[in-house]
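See structure below.
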Amino acid sequence: MKMTEANNAVEPSVAEGDVRLLIKRKDEIEEQIKAYYDMLQTEGVGIDGPLVDVEGFPRADVDLYKVRSARHSISCLQNDHKAVMVEIEEALHKLHATARVGERKDETKMEATGQTVSLSSPFALVDAVTQGSPAFQAGLRVGDEIMEFGSVKTQNFRNLRDIASVVQHSEGKSLRVGVFRNGQEVHLSLTPQHWSGRGLLGCNLVPLHR
């Protein structure tokens, strides 16, 4: 019994350390992906620009080996990124599960100071942000936990269609987005709008199971 109690006492700090290491690895992967993206932009082809001319011959103005190598590296890094995001989400779930007991004790105090439980009850996780997108420009980062997205809050969130509806009705309008990042609350201003990529945001969210 004593061993069980000791293990339970240590588990939260172990989970926090795991998350910090995973987020660090995620940041390193993102930096590598960004470097390759920047190189492709410098070459003038981007991630999916044609490598042949109108007559079907390899383009002479592009370092084909360099571009193909960069695109392959990005593809591999994106797979690594997806894998580490799964690990981050699992670690976060474990963190939130162990933190809920302490949150219940402080709930009354938090409400009295105007801080709602939504601070520690995010409902969605950012698992992808495209370079140059509205979400990227607003400062949204992979690993951010959404606790406020315009009119969508923890209390009224049902599914991701709620966020999609807000986005569709807010094109060109600034939305307040609250996220939980590295243990801190961060507020951003995000304006859904058309850009060179798909959709109005350029990011992907997954629901957090509560």
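Residue numbers count from 1 along this sequence.
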Heavy-atom side-chain proximity of Leu77 to Tyr36 below 4.5 angstrom: yes
Donor-acceptor pair between Ser189 and Ser174 side chains, under 3.5 angstrom: yes
CA sep, side-chain torsions, deciding dist, call: Arg141, Asp27, salt bridge (charged side-chain N to carboxylate O under 4.0 Å, His left out): CA-CA 9 Å; Arg141 286 168 47 180; Asp27 289 341; 3.7 Å; yes
N/O donor-acceptor pair under 3.5 Å between Thr154 side chain and Ser121 backbone: yes
Main-chain N/O of Asp162 paired to Ser165 side chain as donor or acceptor, under 3.5 Å: no
Short side-chain to backbone donor-acceptor contact, Ser69 and Tyr65, under 3.5 Å: no
Check: Lys34 side chain, Gln131 main-chain N or O, donor-acceptor pair, under 3.5 Å: no
Main-chain N/O of Phe136 paired to Ser133 side chain as donor or acceptor, under 3.5 Å: yes
Gap separating the CG atom of Leu188 from the CG atom of Leu175, nearest 0.5 angstrom: 11.5 Å
Spatial distance of atom CE (Met39) from atom NZ (Lys66) [nearest 0.5 Å]: 5.5 Å
Pair Met147-Val179, side chain to side chain contact (heavy atoms under 4.5 Å, CB included): steps then yes or no: CA-CA 6 Å; Met147 55 190 179; Val179 304; 5.8 Å; no
CA sep, side-chain torsions, deciding dist, call: Ile163, Val166, side chain to side chain contact (heavy atoms under 4.5 Å, CB included): CA-CA 5 Å; Ile163 294 178; Val166 169; 5.6 Å; no
Side chain to side chain contact (heavy atoms under 4.5 Å, CB included) evaluation trace for Leu51 with Arg71: CA-CA 12 Å; Leu51 299 183; Arg71 288 180 175 178; 3.7 Å; yes
Distance (rounded to the nearest 0.5 Å) between Ile74 CD1 and Gln78 CD: 6.5 Å
Chi angles and distances behind the side chain to side chain contact (heavy atoms under 4.5 Å, CB included) call for Glu30, Glu28: CA-CA 5 Å; Glu30 288 177 356; Glu28 290 171 350; over 6 Å; no
Arg181 side-chain N/O to Glu145 backbone N/O, donor-acceptor pair under 3.5 Å: no
Same apolar cluster (I L V M F W Y, side chains within < 4.5 Å links), Tyr37/Val62: yes
CG on Asp63 to CZ on Arg68, rounded to 0.5 Å: 10.0 Å
Flag, side chain of Asn156 to backbone of Lys153, donor-acceptor distance under 3.5 Å: yes
Approximate separation, where rounding is to 0.5 Å, of Met85 CE and Leu22 CG: 9.5 Å
Among Ile146, Val177, Val206, the one residue meeting side-chain contact (heavy atoms from CB on, under 4.5 Å) with Val126: Ile146
Common cluster, Val152/Val186, ILVMFWY with side-chain heavy-atom separation under 4.5 Å: yes
Contact summary for Ala70 and Leu40, nearest pair of heavy atoms: CB-CD2, 3.9 Å
Where Ser170 and Pro192 come nearest, the two heavy atoms and their spacing: O-CD, 3.6 Å
Matching residue for Leu201 among Thr191, Leu140, Leu190 - test: side-chain contact (heavy atoms from CB on, under 4.5 Å): Leu190
Heavy-atom closest contact (Leu160 atom, Leu205 atom, distance): CD1-O, 3.4 Å
Rounded distance [0.5 Å steps], CZ in Arg158 versus CZ in Phe123: 12.0 Å
Salt-bridge present (Glu87, Arg25; N to O < 4.0 Å): yes
